[in-house]
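Only one structure is covered here, and it is reproduced in the block below.
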Amino acid sequence: MLNTLILYSTVDGQTLAICQKIQQRLTEQGEQVNLVNLAQVSADALACADKVVIGASIRYGKHRPELFKFASQNKAILDTKRNSFFTVNVVARKPEKNTPETNPYMVKFLDLSAWQPQLLGVFAGKIDYPRYRFFDKFMIRFIMWMTKGPTDTKGTFEFTDWDKVDDYAKKIAAQK
């Protein structure tokens, strides 16, 4: 039985929801799966994993600094494992920006990170205006206005393609 470690870095929880879906699919395939916040993973958990999956969200055009720190500090061990990385961002709602080759945040991650994952994924996220604090609501609404996205601050808009998440989980499961 393969031991898979799924690590997540999330701001509002959509990346965690995607990780939970991947965990469910991998468990159905017979893998032992542990889901851990990237900031809380132990060296032992990382060492014991056969596979490592990392999911990270974007806020204001950037991945969280903890992602780059983790990738840099753990590159050597990550390179010895079957591994994958996916990014979650609202820009990926656009068909021309929803692949690893065309998503600006994935391209930027690969340019900045010493770690080069074996399998890549890009998923559109979610806008949940009612949950945001005033500043975030204002900024995200402005960004959405600029990019022709939803601006109704009473609404919640989920862009995640769950079939695409399932397909990605199948690719992870195929990493034997």
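Atom set for the values below is all heavy atoms of this structure, side chains included, hydrogens, waters and symmetry mates excluded.
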Response to the item:
Sorted by chain and number, sequence neighbours left out, side-chain contact (heavy atoms from CB on, under 4.5 Å) with F134 holds for none

Item to complete: Name all residues meeting the ring pair (Phe, Tyr, Trp, His ring centres under 6.0 Å) criterion together with F68; count only those two or more places apart in sequence or in a different chain, and write none if there are none.
Response: F109

Response to the item:
Residue set satisfying ring pair (Phe, Tyr, Trp, His ring centres under 6.0 Å) with F86, at least two apart, ordered chain then number -> F123, Y168

Worksheet entry | Contacts of type side-chain hydrogen bond (donor to acceptor under 3.5 Å, both in side chains), residue T10, not counting sequence neighbours | none

Discussion item. Going by salt bridge (Lys or Arg N to Asp or Glu O under 4.0 Å), name the residues that satisfy it together with E158, two or more places apart in sequence or in a different chain.
Written reply: none

Worksheet item: Can you list the residues that meet the side-chain contact (heavy atoms from CB on, under 4.5 Å) rule with V11, with sequence neighbours excluded?
Response: S57, R59, R64

Practice prompt. Would you mind listing the cluster partners of I58? Hydrophobic ones only (ILVMFWY), side-chain contacts under 4.5 Å, chaining allowed.
Written response: V91, Y105

Item to complete: May I ask you to list the residues sharing a hydrophobic cluster with F142, side-chain cutoff 4.5 Å, ordered by chain and number?
Response: W145, M146

Item to complete: Return the set of residues passing salt bridge (Lys or Arg N to Asp or Glu O under 4.0 Å) with R141 (not counting sequence neighbours), or none when no residue passes.
Response: none

Worksheet item: Among all residues two or more places apart in sequence or in another chain, which pass the salt bridge (Lys or Arg N to Asp or Glu O under 4.0 Å) test with D50?
Response: none

Worksheet item: With R93, which residues qualify under side-chain contact (heavy atoms from CB on, under 4.5 Å), at least two apart?
Response: V90, A124, M144, T147, F159

Worksheet entry | Test side-chain contact (heavy atoms from CB on, under 4.5 Å) applied to P95 - qualifying residues, sequence neighbours left out | none

